[in-house]
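Throughout, residue positions are numbered sequentially from 1 according to the sequence presented.
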Amino acid sequence: MAKKKAARRRRHPHAPSYISKNELFLNKHDEEKVLLFAAGILFGAGLFSSLVNLLWFTGISMIVLALILLFVEQRQK
């Protein structure tokens, strides 16, 4: 018989995210990933709107992008 290696369980420094029937729970690390993903999409939309001269949307997206990045930075401390 071949020896089976015991599966090692990784211990995460944070609680894992999970989805229940009624809610979605994201831990702190995964929340930051989602916020940075949304910030990237917002940055792309702001860049595109600056190219087609919708400067009011560009200004709003720059302000929201800065707020998202500040929020993530504050959570990391």
Side-chain angles (χ1 to χ4, degrees):
M1 280 194 193
K3 291 183 180 179
K4 292 184 180 180
K5 291 185 179 179
R8 293 184 186 178
R9 296 185 89 186
R10 291 185 179 176
R11 298 208 180 241
H12 296 288
H14 46 77
S17 300
Y18 65 88
I19 299 174
S20 70
K21 187 174 182 179
N22 297 325
E23 68 179 347
L24 167 70
F25 173 77
L26 295 175
N27 61 22
K28 185 177 176 182
H29 185 69
D30 290 339
E31 282 180 5
E32 291 170 357
K33 287 181 186 178
V34 170
L35 282 172
L36 290 174
F37 177 73
I41 291 175
L42 183 64
F43 178 75
L47 184 64
F48 174 75
S49 66
S50 69
L51 293 175
V52 293
N53 292 330
L54 292 174
L55 296 179
W56 61 271
F57 184 77
T58 303
I60 291 172
S61 66
M62 297 290 262
I63 291 169
V64 172
L65 180 63
L67 289 173
I68 289 172
L69 293 177
L70 285 173
F71 177 72
V72 169
E73 183 67 27
Q74 287 296 321
R75 286 181 56 113
Q76 296 230 346
K77 291 183 179 180

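Residue pairs satisfying the salt bridge (charged side-chain N to carboxylate O under 4.0 Å, His left out) criterion with at least one member in residues 49-68, sequence neighbours excluded, are absent. Residues in residues 55-68 take part in no salt bridge (charged side-chain N to carboxylate O under 4.0 Å, His left out) pair, two or more places apart or across chains. Among residues at least two apart or in separate chains, salt bridge (charged side-chain N to carboxylate O under 4.0 Å, His left out) pairs with a member in residues 51-76 are Glu31-Arg75.
Leu26 contributes atom CG, which lies 8.0 Å from atom CD1 of Ile19 (distance to the nearest 0.5 angstrom).
Under the 4.5 Å side-chain heavy-atom criterion for Ile, Leu, Val, Met, Phe, Trp and Tyr, Leu69 and Phe71 are members of the same hydrophobic cluster.
The ring-ring contact (aromatic ring centres under 6.0 Å, His included) check on Phe25 picks up Tyr18, with sequence neighbours excluded. Under the rule for a side chain to side chain contact (heavy atoms under 4.5 Å, CB included), the partners of Gln74 that lie at least two apart in sequence or sit in another chain are Lys77.
For the residue pair Asp30 and Asn27, the shortest heavy atom distance occurs at N-OD1, 2.9 Å.
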I'd like a table of donor-acceptor pairs (distance under 3.5 Å, sequence neighbours excluded) in which one partner is a side-chain atom from residues 32-54, with atom names and distances.
unit_1	atom_1	unit_2	atom_2	d
Glu32	OE1	Gln76	NE2	3.1
Ser49	OG	Ala45	O	3.3
Ser49	OG	Gly46	O	2.9
Ser49	OG	Thr58	OG1	2.8
Ser50	OG	Leu47	O	2.7

